[in-house]
2 protein chains.
Amino acid sequence: MAKRVTINDVAQAAGVSRQTVTRAINDMGEINEQTKQRVLEACQRLGYRPSRFARNLVVRKKTRAMGYLVASFRNPYFTEIAGDLLNAAAERGWHVVMASTETEDEASALDMLSGQVDVFMGHFMQDDDDLIKACRGIPLVMLERAGSLPGMHSVEVDIREGVREAIEALRGKGARRIGMIDSAYSLRTSPTYVSSPRRGYFEEFAGTGSAEMVVVGEESMAGGGQAFAKLVGAHPDTDAVLVFNDLMAIGAVQASHALGIDVPGKVRICGIDGLTLGEAVHPTLTTISIDRHALVSNALDLADALATADFGELPPMRRTVRPHILWRESA
Amino acid sequence: MAKRVTINDVAQAAGVSRQTVTRAINDMGEINEQTKQRVLEACQRLGYRPSRFARNLVVRKKTRAMGYLVASFRNPYFTEIAGDLLNAAAERGWHVVMASTETEDEASALDMLSGQVDVFMGHFMQDDDDLIKACRGIPLVMLERAGSLPGMHSVEVDIREGVREAIEALRGKGARRIGMIDSAYSLRTSPTYVSSPRRGYFEEFAGTGSAEMVVVGEESMAGGGQAFAKLVGAHPDTDAVLVFNDLMAIGAVQASHALGIDVPGKVRICGIDGLTLGEAVHPTLTTISIDRHALVSNALDLADALATADFGELPPMRRTVRPHILWRESA
DNA sequence: CTGTTAGCGCTTTCAG
DNA sequence: CTGAAAGCGCTAACAG
């Protein structure tokens with residue numbers, strides 16, 4: 001690979017000093033229009049591209065960069081958050097470097113980005129210990145999950161409270177046999193299925209016997225549909241279903257169609273997330289809605305705090321966002 | 001803001017030289033385990049965080065960074081591409097810095113990123129001249145659009161061919177009155193509606209009188225639904241509709257449901273994009289499918305070429321990807 | 001094993 | 001208006 005064209009090369013080619021080149025390319029005035037043109041022409045000719053590192057090193061204006069790990073681009077929940085984050089981050093002067101952890105594992109994504117960013121953010125799945133190790137000292141803002149180690153900060157969502165409310169309300173509407181569809185996401189990091197916290201809340205509030213009303217499915221529309229079929233097959237008296245997330249819940253609603261099961265007449269379906277997409281299905285999806293805007297803005301508050309402290313070690317910060325039930329047609 | 005903690009501060013605090021600090025934090029061996037611990041402890045205590053700029057400046061390993069502008073996070077088409085891009089880019093050793101142009105305008109997004117990246121990529125809307133100006137000399141890989149200026153490279157999709165094929169096939173299936181739903185996206189950058197190239201292809205192949213069979217709608221599911229209602233309202237004999245994109249087409253399919261119009265019995269509906277989501281509606285959506293994988297990998301080829309040439313000015317490169325009709329149920 | 005010397009490529013003084 | 005000097009914070013290459 002050819003040696004990089006530097007400001008010196010341009011200066012030499014244009015017969016001026018480096019500083020003059022700087023003045024020309026940065027539109028700084030205090031420079032003769034003619035010399036400027038000559039310099040610019042030389043830049044063009046040599047294909048000169050200033051080094052962003054050298055420039056940023058010397059310029060005092062701190063550019064803050066965040067590494068954001070997107071859990072999945074196939075679940076609108078995560079992409080909607082990514083979009084919100086990008087907008088809000090830009091407003092607050094953050095650059096966002098993204099990586100997907102859908103195919104790549106978290107550790108290597110973190111590792112790859114660790115030289116480029118000041119803080120990490122994302123929905124992480126790995127153990128705290130592995131995470132911290134992969135971060136090389138860069139602080140972490142964890143979404144929808146608590147961290148236990150120094151350098152870990154978090155914005156949690158009180159899903160438990162949402163589930164409690166939802167189940168209570170479903171009971172109030174007459175539901176007697178409430179089932180749940182859980183996600184098999186744990187299989188991505190562990191060799192065996194581990195029940196999700198959401199399932200834990202369900203069993204806690206749905207009471208005795210609820211554990212056998214749980215079916216596990218792949219985390220997708222299709223997976224949700226299959227799980228729904230399995231659930232009502234095994235328990236025909238099911239009259240309400242809490243679903244791990246909206247994506248799967250939408251699949252369940254569509255499966256109910258195919259199975260000729262009236263929703264919400266025969267079975268009520270309630271998702272978790274609050275996807276906009278939930279409005280596009282028939283019947284529209286009732287859901288435990290997570291305020292993405294609050295989630296993102298709290299997370300950015302933490303990032304800002306970290307940046308203000310020059311990314312030095314701050315005592316762990318924790319925020320919590322409360323979900324609310326978005327009553328639409330399916331429940 | 002407190003002065004930054006540098007490697008010198010740590011060295012002094014630990015009573016060693018900077019070089020030794022480097023060895024400790026970079027796990028380089030050739031260092032006494034005890035000193036290493038002492039240094040690490042000092043880093044911890046002072047809250048030392050290495051400057052990524054200084055490090056990258058001195059390390060010869062070139063880290064290539066791409067600025068990717070996401071047109072919308074509310075159309076799965078763009079997020080699916082973003083996901084594919086992130087994966088493929090990581091494999092090829094690119095960092096991807098993203099910005100959303102949904103709320104922010106392109107020029108300011110480009111401007112903000114111009115100091116951080118080596119190449120820009122995205123679905124751009126602005127005029128070539130404005131674009132080039134905002135890029136500050138950084139080369140551009142334009143998706144699904146040709147560029148006319150030096151420094152602009154592109155991966156286009158031969159939508160025209162797709163539309164030709166689709167219309168011919170629809171005719172073959174008996175369609176006589178074919179309508180189209182166009183997007184009003186041009187209103188985002190221009191004060192008045194400008195018909196899209198896709199509309200142009202439609203009119204070209206649908207023939208005389210087809211111009212009056214075009215309805216313009218907002219670029220969303222709801223907008224597609226409304227436009228569909230308007231179209232069949234104005235032209236009850238419509239028996240096929242080509243829709244600007246899948247998102248709007250899905251809206252049209254759902255509207256047909258509400259209007260009691262049989263699809264594809266009474267009206268055939270064909271979208272453009274090839275969204276996975278098109279499989280989740282009933283009837284499933286027939287569409288002119290764009291091979292996202294090919295699009296992304298061609299775009300990365302161009303970026304790689306640019307990087308190999310050290311981002312110097314290369315003659316404009318153009319690639320073309322051919323779409324294919326994905327026959328599903330709606331047409 | 002550790003310290004010293006030289007830069008990386010750029011911008012900021014401050015003289016001319 | 002232009003140039004010379006002085007670093008930004010870090011690491012590679014060499015000494016010791």
Side-chain angles (χ1 to χ4, degrees), chain A residues 1-40 42-43 46-63 65 114-116 118 136-137 310-312, chain B residues 1-40 42-43 46-63 65 114-116 118 136-137 310-312:
Chain A
M1 136 194 168
K3 242 208 309 267
R4 180 174 190 119
V5 180
T6 77
I7 195 170
N8 284 309
D9 302 324
V10 178
Q12 194 166 0
V16 297
S17 70
R18 319 186 287 192
Q19 302 67 345
T20 304
V21 177
T22 291
R23 292 196 183 97
I25 59 180
N26 290 351
D27 226 15
M28 292 170 74
E30 308 202 347
I31 182 175
N32 184 308
E33 185 60 28
Q34 245 175 59
T35 359
K36 182 169 167 183
Q37 288 314 323
R38 188 153 39 91
V39 171
L40 257 26
C43 289
L46 301 186
Y48 168 63
R49 203 129 308 295
S51 151
R52 58 179 197 277
F53 298 122
R55 176 176 281 161
N56 280 291
L57 177 58
V58 77
V59 167
R60 313 299 284 138
K61 175 183 147 237
K62 70 203 267 174
T63 59
S114 63
Q116 304 293 317
D118 304 304
R136 301 176 112 250
D310 257 325
F311 304 99
Chain B
M1 137 193 169
K3 242 210 305 270
R4 176 169 194 125
V5 180
T6 78
I7 196 171
N8 284 309
D9 302 324
V10 177
Q12 194 166 1
V16 297
S17 72
R18 315 187 288 194
Q19 188 52 26
T20 303
V21 177
T22 291
R23 293 199 181 94
I25 59 179
N26 290 351
D27 227 14
M28 294 170 72
E30 309 201 345
I31 181 175
N32 184 306
E33 186 60 28
Q34 246 176 59
T35 358
K36 181 170 167 181
Q37 288 313 322
R38 190 153 39 90
V39 171
L40 258 25
C43 289
L46 301 185
Y48 169 63
R49 208 127 307 286
S51 152
R52 60 179 194 278
F53 298 121
R55 177 177 280 162
N56 280 291
L57 177 57
V58 79
V59 167
R60 316 298 281 130
K61 178 184 143 230
K62 71 202 270 174
T63 59
S114 64
Q116 305 293 317
D118 305 303
R136 300 177 112 251
D310 256 325
F311 304 100

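Residue numbers begin at 1 in each chain, while the letters A, B, ... track the order of the sequences.
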With a 3.5 Å cut-off and sequence neighbours excluded, list the donor-acceptor pairs that the side chains of residues 21-29 of chain B form with protein atoms.
unit_1: B:Thr22; atom_1: OG1; unit_2: B:Arg18; atom_2: O; d: 3.4
unit_1: B:Asn26; atom_1: OD1; unit_2: B:Arg55; atom_2: NH2; d: 3.1
unit_1: B:Asp27; atom_1: OD1; unit_2: B:Lys36; atom_2: NZ; d: 2.6

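Following rounding to the nearest Å, A:Gln12 (CD) and C:dG9 (P) show an atom-to-atom distance of 14 Å. The CG-C1' distance, from B:Asp118 to C:dG9, rounds to 14 Å in whole Å. Atom CZ in B:Arg52 sits about 13 Å away from atom C1' in D:dG9, given to the nearest Å. The CZ atom of B:Phe53 sits 17 Å away from the C1' atom of D:dT11 (whole-angstrom rounding). Atom CG of A:Asp9 is separated from atom P of C:dC8 by 11 Å (rounded to the nearest Å). As rounded to whole Å, 10 Å separates atom C1' of C:dT11 from atom CD1 of A:Ile25. The distance between atom CZ of B:Arg49 and atom P of D:dG9, rounded to the nearest whole Å, is 15 Å. Atom CZ of B:Arg55 is separated from atom P of D:dG9 by 14 Å (rounded to the nearest Å).
Close to D:dG9, at under 4.0 Å from its OP1 or OP2, lies no side-chain N or O of B:Asn8.
Closest approach of B:Tyr48 and B:Val5 over heavy atoms only: CD1-O, 3.4 Å. The heavy-atom pair separating A:Arg52 from B:Ala65 by the smallest distance is NH2-CB, 3.5 Å.
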Shorter than 3.5 Å, N or O on both sides, protein versus nucleotides 1-3 of chain C: list them out with atom names.
unit_1: C:dT2; atom_1: OP1; unit_2: B:Thr35; atom_2: OG1; d: 2.8
unit_1: C:dT2; atom_1: OP2; unit_2: B:Asn32; atom_2: N; d: 2.7
unit_1: C:dT2; atom_1: OP2; unit_2: B:Thr35; atom_2: OG1; d: 3.0
unit_1: C:dG3; atom_1: OP2; unit_2: B:Ser17; atom_2: N; d: 3.0
unit_1: C:dG3; atom_1: OP2; unit_2: B:Ser17; atom_2: OG; d: 3.3
unit_1: C:dG3; atom_1: OP2; unit_2: B:Thr20; atom_2: OG1; d: 2.6
unit_1: C:dG3; atom_1: O6; unit_2: B:Arg23; atom_2: NH2; d: 2.5

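Residue contacts for B:Thr6: at a heavy-atom cut-off of 4.0 Å it reaches the sugar-phosphate backbone alone, with no base atom in range.
Surrounding CD of A:Gln12 are at most 12 heavy atoms belonging to other residues, nucleotides or ligands under 6.0 Å away.
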Can you list the steps and then say if A:Ser17 with A:Gln19 is a side chain to side chain donor-acceptor pair (under 3.5 Å)? CA-CA 5 Å; A:Ser17 70; A:Gln19 302 67 345; 3.1 Å; yes
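Expressed to the nearest 0.5 Å, how far OG1 of A:Thr20 lies from CD1 of A:Ile7 amounts to 9.0 Å.
Out of D:dA12, D:dC10, C:dT12, the shortest distance to the side chain of B:Met28 is found at D:dA12.
For the salt bridge (Lys or Arg N to Asp or Glu O under 4.0 Å) test, no residue two or more places apart in sequence or in another chain qualifies with B:Arg38.
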